[in-house]
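Read through the structure below, which is laid out as structure tokens, and then see the notes.
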Amino acid sequence: MNLDRVDAYLDAHRNEFEEQLKALIRIPSVSAQPAHNPDTRRAAEFVRDDLASMGLRAELIETKGHPIVYAESLNAPGQPTLLIYGHYDVQPPEPLEPWLSPPFEPTIRDGNLYARGATDDKGQMFTHVKAAEAWLKGAGALPINVKFLIEGEEEVGGANLELYVAENKDKLKCDYAVISDTSQFAPGIPAITYGLKGLAYFELRVQGADRDLHSGTYGGAVQNPLNALSVILESIKGPDGKIRIAGFYDDVRKLETWEREEFAKLPFSEAEFQADLKVNALFGEEGYTTLERKWARPTYDINGLWGGYAGPGPKTVLPCKAGAKFSFRLVPNQDHKKVGTLLRKHIAAVCPPGVTWELEEMHGAPAVLVEVKGRPAVEAAVKAIEAGFGRPPVFMREGGSIPVVGLIKTQLGVDTLLLGWGQNDDNLHGPNEKFNLADFHRGIKASAHLMAEMAKAK
Ligand code: BES
Ligand code: MN
Ligand code: MN
């Protein structure tokens, strides 16, 4: 059978696949940093050329920002069409000091490949590219139709992909989508993710006097914007971990009993989770377990805070400006725009007198929940993961966000299989990002078998 030829091709090309992944990772495609724009384009060209070299029709699509890579193979009439999404852009590597090896010099330690983008998302995205190659070069043809959509602005929340998808619904028409940009449940426990959180991200700027003041001469007589900002930020969440914005929970989908039971069955130890993080206690919303908090309850976190003096030694300043970046991770069926409206009302009500404020809505993404019960594509993915990883997946949710999943659903009308090959401790977005090379090869095999299973499923 052809699948044997595919498996044989995978076995014979392990080294080559790793070397190609390293070459892609060496290109510092940091989408947020304009100095890297030529590199970001080079990464797109690398992916396009690789897809073209195995016989797909591949192109670079120009946008107002970074280009999109699109490639297709539609030579399997009567078979389903799978849309494969990934991103070739990466987060900035900074801070550089904690990296044990340079972020763009992929280095293997303990079977892990360390580099920026190793897991998020170059390594994971590449598994599908190599699976397609194994079919085309090992077996002569793909068993299904595939469309690759690999973007370069995922990490900056660019609006260009949204535009492209909205304007190319026919071209992107498909029966199902697959994304590998999440994690397994734990080492040795592969997973299918059926829920993602949404996001509402804000910047708040508070202004007091028109200049910095002496905190002795003026202190106590005028409002301090940093104090005022602290009051606002503190008012958003109570000591019980509940968000105190009126109406915030109105649309929150309740955790159902069956789901809480399923979460509780997963092999997760709160004690080990705490010990790994070296914190003296876990903290979260009262009445929920850690997995429930991480996966299915909305959260509020301050992401950055500035104002006044934070250099060496004391400075008795009463600053005139303060600011913060903070965000809410949302769950179904919350709407990030509505959260913005409620937040505005809340700030207006709690902001102390004597300062003015400005709120900027920076990012928004909807939460995702996909139906997995009784779906042939999900059953195909279960079998594919068994083939690649040697055991069936567990079903889990995830606290991160992948905005394109909502887009695929609303614009193309299809659900997405979230087949993550990463691990929770892969340090994505942080120093020493890594991707396990055994998982890389297992992921390629799972993807190759997914293509076969989807052909059967039809
Ligand atoms: N690959 C991540 C999403 C992710 C994060 C999956 C954590 C699994 C665990 C993706 O590249 C990402 O960083 N998403 C952003 C989205 C945001 C910029 C809209 C996120 O979740 O912060
Ligand atoms: Mn990603
Ligand atoms: Mn990311």
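As the structure lists them, so they are numbered: ligands from 1, and atoms in each ligand from 1. Everything numeric in this text was worked out from a predicted model, so none of it was measured.
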What is the OD1(D181)-the Mn ion (ligand 2)-NE2(H87) angle, to the nearest 10 degrees? 100°

Kindly compute the distance separating CG (L343) from CZ (F328), expressed to the nearest 0.5 Å.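 Answer for the CG-CZ pair, L343 versus F328, is 5.0 Å.
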
If you round to the nearest 0.5 Å, how far is CG of L74 from NZ of K147? 5.5 Å

Presence of N, O or S from H429 under 2.8 Å of the Mn ion (ligand 3): yes

Give a yes/no answer: is there an N/O/S atom of E155 under 2.8 Å from the Mn ion (ligand 3)? yes

Axial cation check for W258 ring with K373, 6.0 Å and 45° limits: yes

Tell me whether the guanidinium CZ or amine NZ of R116 lies under 6.0 angstrom from the six-membered ring centre of F104 and within 45° of its axis.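 Geometry flag: not set, cation outside 6.0 Å or 45°.
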
Per-ligand residue contacts, ligand 1, heavy-atom threshold under 4.0 Å: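 Within 4.0 Å of ligand 1, the protein residues are H87, D120, E154, E155, D181, T182, L199, R329, H363, E398, G400, S401, I402, P403, L428, H429.
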
State, with a plain yes or no, whether a side-chain heavy atom of N168 is found less than 4.5 Å away from one of D170.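 With C-beta onward as the side chain, the pair stays apart.
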
Does either side chain, that of Q124 or that of D181, offer a donor lying less than 3.5 Å from an acceptor on the other one?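 No - no donor-acceptor pair under 3.5 Å links their side chains.
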
Parallel, tilted or perpendicular: which fits the ring planes of F440 and F435, with parallel below 30° and perpendicular above 60°?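 F440 vs F435 ring planes: perpendicular.
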
Among the N/O/S atoms of D120, select the one at the shortest distance from the Mn ion (ligand 2) and name it.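 Output for this pair reads OD1.
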
Please confirm whether F263 and W295 have ring centers closer than 6.0 angstrom.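 F263 vs W295: aromatic centres under 6.0 Å.
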
